[in-house]
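Below is one structure, written out as structure tokens; comments come after it.
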Amino acid sequence: MTLEKKQKEIAKWEREKARPKKSYYILYLIFIISLVYISDEVASQINTLMKAEIISVLFQPKFGDKSVSTMDTIGLLSYVFVILSVFYKPLSDRFGRKVFLVINTFGMSFGMLIIALGNNLVYYILGTAVIFFFTPHDMQVVYIMESAPAKHRAKIYSIVKCIATLGVMLVPLFRKLLMTDASQWSRVYLIPAVIGCAVSFLGLLFARETDVFIDSRLAYLKMTDEELAAAKAEKSNKDSQGGFFTGLKFMFKHKQLKWAFIATAFVNFGAIITMEYSVIMSQGFDKGIKDIANDKVMTMALFLFPVGSAVAQLLLGFFADAIGRKKSAVIMTALTISSLVLMTVGANMGWSPYLVGLFSGVAVGSYWSCTDIAGIIIQESSPTNLRSSTLSGMFIAMGVGYVAYYLIGVPLMAVFGDSSVPMVTLCIALPGMVASLLIYAKKVHDTKGVNLDEVTGTEWD
């Protein structure tokens, strides 16, 4: 970077930092971030919430009893974009948080719009690929972590996540209003897509850059050439401005981040729950409830799904701030395991669809709380200049669960048919989550109350 460009960038960030901030700014920010988070949650969940209908319309006429495994195999193509996205996320350590908050929100909403307007397999795959590229970055989470007061950080995060999860109730609402039968499934995508595009525009107009990023970026830009050269010669990560491989290397050099990475990898064996819960319920309802059309029963269950998910995620924040991050990780992992079992049993035993939907929401919400608390621990164990980069490295750990699903789960489903989905889900999710629970209990240290401006990542070595 030339001296002139460096001075211009310094001036830009100093102007941004000098902008007056009202005393109620944190409440205003929570409102904007909540809208962004609702769009993110809907985009992340809608494909799975609509999975039973998509299978029945796009896949079963051609693939019969192999529809679930075929759909998931085709969906594997979309994960290429998730892999590409891990190199995209660290750019926010260089260019700032706001621009990516806006781009990501618009991108995931545009993906839903493609699916809504296309209404066929090709557009479904294309739209899903776009959604998969933009949803993993969770820039709204970075905003909360870098803007909320330290003593209330997890609590504020869980409240916002709870609001966002309740926003997923838009999907069953639009199912009821816009979908008279399964063939009209794509209509459900349209309104959330339009709302998301509008929210991205609001973020562009009203969100401001985080102070933590501005301070970190200014400190880097104001370093002399000699200081930069000395840091490079020492191969120090202290003044690095990030990058995927830099963040990954840093994680494995330090015990706390390394074990948090490993625990995250094992807990993500539960990722199969987030992909198959609607299929597990649908197949169970076929056996346990025979007097109501399956799509109607599913709509009933899905109304309670966001409630269960929101409650589980709300509990996380209060637990994390009250008893610490580590104990919260253990509790939420155990809750995921128990609610998954209850959901599976309840669907097959003819329990109320609302109760089964509630358990499914708790299972998925608790699982996402497990990944959220892992993200909080990793962020609170990382220096500011590498925080987004180490969080990007976390996606490699998350990918372990998806690899297990596609290498073990999908082949088993292909061999034994769609009826095997519930048992395959249990056999993959439970061992990994139990292993994660034990690692958190034995190896990971608590990060409650860590000062994000001062943490270096070496404190637990």
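Fair warning: this is a prediction, and the values are worked out from it, not measured in the lab.
Closest non-hydrogen pair, I323 versus S328, comes out as CG1-OG, 3.9 Å. The minimum heavy-atom distance between L101 and V36, with the atom names listed, is CD1-CG1, 3.9 Å. G196 approaches T105 most closely through the heavy-atom pair O-CG2, 3.6 Å. Minimum interatomic distance between A260 and V444 (heavy atoms only, all atoms of both residues): N-CG2, 4.0 Å. Taking both residues in full, the closest heavy atoms of V455 and R387 are given as CG1-NH2, 3.8 Å, listed atom of the first, atom of the second, then distance. Here the closest heavy-atom approach between residue A374 and residue T264 is recorded as CB-OG1, 3.3 Å.
F201 places none of its side-chain heavy atoms less than 4.5 Å from the side chain of V102. Using a 4.5 Å heavy-atom threshold, the side chains of L412 and S420 count as separate. Residues W460 and T447 form a side-chain contact, since some pair of their non-hydrogen atoms from C-beta on lies under 4.5 Å apart. Considering only heavy atoms from C-beta on, F266 stays 4.5 Å or farther from M433 through its side chain. You'll find the side chain of N47 reaches within 4.5 Å of the side chain of T128, heavy atoms only. Residues V142 and M139 meet the side-chain proximity criterion, which asks for heavy atoms closer than 4.5 Å. Between K327 and V330, every side-chain heavy-atom pair lies at or beyond the 4.5 Å cut-off. Contact of the F59 side chain with the L121 side chain is registered, since non-hydrogen atoms from C-beta on lie closer than 4.5 Å.
A salt bridge links E146 and R97; the closest N-O separation between the charged side-chain nitrogens and carboxylate oxygens is under 4.0 Å. Salt bridge E380/K448: absent, no basic N to carboxylate O contact under 4.0 Å.
Classification of the F100-Y88 ring pair by plane angle, with boundaries at 30° and 60°, yields perpendicular. Between Y124 and W185, the ring planes are perpendicular. Angles over 60° get that label, and only those under 30° would be called parallel. Using bins of under 30°, 30° to 60° and over 60° for the plane-to-plane angle, the ring pair F106/F110 lands in the parallel bin.
Crowding of F31 atom CZ: a count of heavy atoms from other residues, nucleotides or ligands under 6.0 Å not exceeding 12. The 12-atom threshold is exceeded at CZ of F174, counting heavy atoms of other residues, nucleotides or ligands nearer than 6.0 Å. Atom CZ of F269 sits in a crowded spot, with more than 12 heavy atoms from other residues, nucleotides or ligands closer than 6.0 Å. Around atom OH of Y406, more than 12 heavy atoms belonging to other residues, nucleotides or ligands sit under 6.0 Å away. Atom NZ of K176 has 12 or fewer neighbouring heavy atoms from other residues, nucleotides or ligands inside a 6.0 Å radius. Heavy-atom neighbours of F416 CZ from other residues, nucleotides or ligands within 6.0 Å: at or below the threshold of 12.
Looking only at distances, a side-chain donor or acceptor of D418 sits under 3.5 Å from a matching main-chain atom of V68. Side-chain N or O atoms of Y277 include none that pairs as donor or acceptor with a backbone N or O of L340 at under 3.5 Å. A donor-acceptor contact shorter than 3.5 Å links the side chain of S360 to the backbone of G357. Judged by distance alone, the side chain of E459 and the main-chain N or O of G457 form a donor-acceptor pair under 3.5 Å. Panel note: side chain T274, backbone A271; a donor-acceptor pair is recorded below 3.5 Å. For S282 (side chain) and S278 (main-chain N/O), no donor-acceptor pair under 3.5 Å exists by modelled atom type. Judged purely by atom type and a 3.5 angstrom limit, Q256 uses its side chain to pair as donor or acceptor with the backbone of H445. With hydrogens and angles disregarded, a donor-acceptor distance shorter than 3.5 Å links the side chain of K98 to the backbone of A207. T210 places a side-chain N or O within donor-acceptor distance of the main-chain N or O of F213, the cut-off being under 3.5 Å. Judged by distance alone, the side chain of D446 and the main-chain N or O of R325 form a donor-acceptor pair under 3.5 Å.
The one candidate from V341, T336, L335 that meets the side-chain contact (heavy atoms from CB on, under 4.5 Å) condition with S338 is L335.
The OG atom of S109 lies 10.5 Å from the CZ atom of F134; values are rounded to the nearest 0.5 Å. Taking OG of S381 as the reference point, atom NE2 of H254 lies at 11.0 Å (rounded to 0.5 Å). In this structure, CG in L35 is found 12.5 Å from CG in D40, a value given to the nearest 0.5 Å. Taking CD1 from I144 and CG from L29, the interatomic distance works out to 8.0 Å, rounded to the nearest 0.5 Å. Atom CZ of F359 sits about 12.5 Å away from atom CE of M281, to the nearest 0.5 Å. Summarising the geometry, atom CG belonging to N104 is positioned 10.5 Å from atom OG belonging to S200; distances are rounded to the nearest 0.5 Å.
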So K51 and D72, salt bridge (Lys or Arg N to Asp or Glu O under 4.0 Å) or not? Walk me through it.
-> CA-CA 10 Å; K51 190 169 185 176; D72 291 336; 2.9 Å; yes
Show your working on side-chain contact (heavy atoms from CB on, under 4.5 Å) between I396 and F261 and close with a plain yes or no.
-> CA-CA 9 Å; I396 296 295; F261 179 96; 3.9 Å; yes
R187 and R175: side-chain contact (heavy atoms from CB on, under 4.5 Å), yes or no, with the steps?
-> CA-CA 8 Å; R187 293 183 181 184; R175 282 173 62 106; over 6 Å; no
Could you go through the side-chain contact (heavy atoms from CB on, under 4.5 Å) check for L126 and V122 one step at a time?
-> CA-CA 6 Å; L126 178 61; V122 173; 5.5 Å; no
Please report the C-alpha distance between N268 and Y367 in whole Å, then the side-chain angles of each, then the deciding distance to 0.1 Å, and finally whether the side-chain hydrogen bond (donor to acceptor under 3.5 Å, both in side chains) criterion is met.
-> CA-CA 8 Å; N268 274 277; Y367 166 76; 2.4 Å; yes
Would you please test L302 and V171 for side-chain contact (heavy atoms from CB on, under 4.5 Å) and show each step?
-> CA-CA 8 Å; L302 293 179; V171 178; 5.9 Å; no
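A ring-centre distance under 6.0 Å is not found for Y354 and F303.
At a cut-off of 3.5 Å, with distance as the only test, no side-chain donor of Y143 or Y37 sits close to an acceptor on the other residue.
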